[in-house]
Amino acid sequence: MAEGDEDLPRDAKIVKSLLKSMGVEDYEPRVIHQFLELWYRYVVDVLTDAQVYSEHAGKPAIDCDDVKLAIQSKVNSSFSQPPPREVLLELARNRNKAPLPKSIAGPGIPLPPEQDTLIKPNYQLAIPNKQSSQAVEEMDEDEEGGVDPNPSQEQKTDMPQHTPQRVAFSLAKRPK
């Protein structure tokens, strides 16, 4: 045995030997404790059910038949068997009798029309007004004429205002 096995309880040694017999060599030490917890919980559930069955039958103590019935009840409620292969084949034949509907869409994933989507492109661009060529010439003359570099508010109001225009449009599909 490996070192440290002397400290382990008998049940932990059994779990460890079961893991080794199944070819599991590398595992965390917590795995043994988790299996022990699962094992104890399962045994307590089975024995509790066996006690209920024994009391229902009017027996003074639990016997082997009560434990077998409790185990069978656990197996039936915990694990379900798949239907037989013949039943599955018959269901598949019945389902496959109806042909698949014809696809009306072309290749790829069919998408809803653009007007029904929330991702329809919608852009808003701010386009500034174009300055007239006369206003541009006046500004050039003012720069050359030695105008006060810090004009007052009154002088600023004479200059043309640049107010952007808002334009919204949708992208149309490009011809292919």
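- In this structure, the side chain of T48 engages the main chain of V44 through a donor-acceptor pair within 3.5 Å.
- Note: S21 OG to K16 NZ = 13.5 Å, rounded to the nearest 0.5 Å.
- For S54 against A61, the heavy-atom pair with the smallest separation is OG-O, 2.9 Å.
- Under the rule for a salt bridge (Lys or Arg N to Asp or Glu O under 4.0 Å), E25 has no partner lying at least two apart in sequence or in another chain.
- Within 6.0 Å of NZ in K68 there are 12 or fewer heavy atoms belonging to other residues, nucleotides or ligands.
- Considering CG of D45 and NZ of K74, their distance stands at 4.0 Å, rounded to 0.5 Å.
- To the nearest 0.5 Å, the span separating CG on N96 from CG on L91 amounts to 10.5 Å.
- Between L19 and V31, the shortest heavy-atom distance links the atoms CD1-CG1, 4.3 Å.
- Note on I71: it does not cluster hydrophobically with V52, by side-chain heavy-atom contacts below 4.5 Å among ILVMFWY residues.
- One finds the CD atom of Q81 at 9.0 Å from the CG atom of N76 (value rounded to the nearest 0.5 Å).
- Remark: R93 pairs with E90 by the side chain to side chain donor-acceptor pair (under 3.5 Å) rule, at least two apart or across chains.
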Show the numbers, then the answer: is there a side chain to side chain contact (heavy atoms under 4.5 Å, CB included) between L18 and F35?
-> CA-CA 11 Å; L18 283 172; F35 274 121; over 6 Å; no
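- L47 and L69 fall into different hydrophobic clusters, where Ile, Leu, Val, Met, Phe, Trp and Tyr side chains are chained together by heavy-atom contacts under 4.5 Å.
- Between the side chain of D66 and the backbone N or O of D63 there is at least one donor-acceptor pair closer than 3.5 Å.
- Residues V43 and W39 meet the side-chain proximity criterion, which asks for heavy atoms closer than 4.5 Å.
- With sequence neighbours left out, R95 forms a side chain to side chain donor-acceptor pair (under 3.5 Å) with no residue at all.
- Other residues, nucleotides and ligands contribute over 12 non-hydrogen atoms within 6.0 Å of the NZ atom of K59.
- No path of Ile, Leu, Val, Met, Phe, Trp and Tyr side chains, each step under 4.5 Å between heavy atoms, connects V75 with Y53, placing them in separate hydrophobic clusters.
- I62 CD1 to D49 CG: the interatomic distance, rounded to the nearest 0.5 Å, is 10.0 Å.
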